[in-house]
Amino acid sequence: MNLAVIGSGGREHAICYKLKQSPKIKNLICIPGNAGTQKIAINIDEDISNFEAIYKIIKKYNIDLVVVGPEKPLVDGIVDFLNKKKIRVFGPDKFASQLEGSKAFMKNLCKKNNIPTANFGIFDNFNDASAFIEINESPIVVKADGLAAGKGVTICNSKMEALNSTKEILNGKFKSSSKVILEEFMKGDELSYFIIVDKNSYQFFGSAQDHKRVGENDTGPNTGGMGAYSPAKLFNRDLEKKINHKIIEPTIDAMKKLGHPFQGFLYAGLMIRDDEPYLIEYNIRMGDPECQVLMMRLETDLLEIIDSATKNKLHNLKIEWSKKNSITIVLCAKGYP
Ligand code: AMP
Ligand code: GLY
């Protein structure tokens, strides 16, 4: 098979690395790729927001299956676009991508389906938002509704800080967000939990923990992740059952009822408090750097897994993981993020 991977991160390098090990792979291209993918795939430099240009590349290279790495093209509807052109693509459609693309969508879905998450309010005007801030205890977590490249969440230790962050978002700090979500601050331990989903079933796809602060000893600004390890130390089978029963299955069922069954990688950002899981956020893709540590532990052919998922036959597969641990450390340019 000829595969195209879209994206330019460590995540896409890890996906290409694993796909390349498949005996079924013929040609592998990465759009636009990076120095790592250059060694194992053909990099094609193109703006990944230009779907027509991507379609032309896919036709030119006779691509059988497209794997989309990052959230932005998914949220912008690349799956709907390629499906219309009869191209097989692995990832959620534009509607289902709202699980990550709109925090208001995700929180409302939780509320309707009794999925445990932090108490919240959604506001599009400052007066109502400030009334919520006045009656709730600090810290308050202030979130932009739409994608914000990891910069849309502020944990505010005072009411004044929460009011300022709220004002910035409502004044248009993020083009993607006209709404603000205010949340109760949850104490606990964080866990990243991954599944792969098709229209008939889903399977566990690993656990990991990333470390977000840029500096030594967890200091400095948040990044997309300066390192990760897998499996996460908190993770165990009892917790997995609770996560699936209370969070994953109600979400998958709700998306089906909405007429947009989820298909793709689903990454749940969880807070674990007193052995109970709470959903902080959904990502509709693999994490980066989490994907790097997970691909090192995956023992089943990734091409076969993704091929099965796009044919809704995941239930026929047994996905195997190494029991060994893996870890990655990110080196970054001065000034990052
Ligand atoms: P998000 O982009 O929603 O994952 O938020 C980024 C980070 O903010 C999370 O990984 C958590 O560390 C933290 N966070 C978000 N929401 C909450 C919350 N309600 N309580 C405590 N921490 C939170
Ligand atoms: N490492 C966090 C993320 O990929 O969203």
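Whatever order the structure lists ligands and atoms in, that order sets their numbers, starting from 1.
- Remark: ligand 1 atoms within the under-4.0 Å shell around heavy atoms of Phe185 are 20 (N), 21 (C), 22 (N).
- The backbone and the side chain of Met186 each have at least one atom closer than 4.0 Å to an atom of ligand 1 (non-hydrogen atoms only).
- In the vicinity of Lys143, heavy-atom distances shorter than 4.0 Å reach the ligand 1 atoms 3 (O), 15 (C), 16 (N).
- Remark: ligand 1 atoms within the under-4.0 Å shell around heavy atoms of Ala118 are 19 (N).
- At a cut-off of 3.5 Å, with distance as the only test, a side-chain donor of Arg297 or Ser230 sits close to an acceptor on the other residue.
- For the pair Lys187 and ligand 1, no heavy-atom separation below 4.0 Å is found.
- No hydrogens or angles considered: nothing links the side chains of Asp80 and Asn83 as a donor-acceptor pair under 3.5 Å.
- Counting only heavy atoms of the protein, atom 1 (N) of ligand 2 lies nearest to Gly224 O, 2.7 Å.
- Residue Val141 holds the heavy atom nearest to atom 18 (C) of ligand 1 of all those in Val141, Val142, Leu279.
- Close to ligand 2: Gly287, with a non-hydrogen atom less than 4.0 angstrom away.
- For His315 and Asn200, the side-chain atoms include no donor-acceptor pair closer than 3.5 Å.
- Using a 3.5 Å distance cut-off with no hydrogens or angles, the side chains of Asn43 and Thr37 do pair a donor with an acceptor.
- The protein non-hydrogen atom at the shortest distance from atom 13 (C) of ligand 1 is Ile155 CD1, 3.9 Å.
- The side chain to side chain donor-acceptor pair (under 3.5 Å) check on Arg11 picks up nothing, with sequence neighbours excluded.
- Atom 4 (O) of ligand 1 has its nearest heavy-atom neighbour, among Lys212, Met271, Glu183, Glu281, in Glu281.
- Between the side chains of Asn50 and Glu52, no donor-acceptor pair of N or O atoms lies under 3.5 Å.
- Atoms of ligand 2 found under 4.0 Å from any heavy atom of Asp210 (numbered from 1 in listed order, with element): 1 (N), 2 (C).
- Contact atoms of ligand 1 toward Glu190: 9 (C), 10 (O), 11 (C), 12 (O) (distance under 4.0 Å to a heavy atom of the residue).
- The only option from Ser176, Ser178, Ser177, Ser102 that meets the side chain to side chain donor-acceptor pair (under 3.5 Å) definition with Asp145 turns out to be Ser102.
- Judged by the 6.0 Å and 45° rule, Lys103 forms no cation-pi pair with Tyr282.
- Checked against the 6.0 Å centroid threshold, Phe205 and Phe265 count as a close aromatic pair.
- Contacts with ligand 2 closer than 4.0 Å are made by side-chain heavy atoms of Glu290 only, the backbone lying farther away.
- Each of the atoms 18 (C), 19 (N), 20 (N) of ligand 1 lies under 4.0 Å from some heavy atom of Glu184.
- Within the 3.5 Å criterion, the main-chain N or O of Leu298 finds a donor-acceptor partner in the side chain of Lys18.
- The nearest heavy-atom contact from the protein to atom 3 (C) of ligand 2 is Arg285 NH1, 3.6 Å.
- For the pair Lys179 and Phe123, the cation-pi test (distance below 6.0 Å, angle within 45°) is failed.
- Residue contact check: Val153 has heavy atoms under 4.0 Å from atoms 1 (P), 2 (O), 3 (O), 5 (O), 8 (O) of ligand 1.
- Within ligand 1, counting atoms from 1 as listed, the ones closer than 4.0 Å to a heavy atom of Ile280 are 3 (O), 15 (C), 16 (N).
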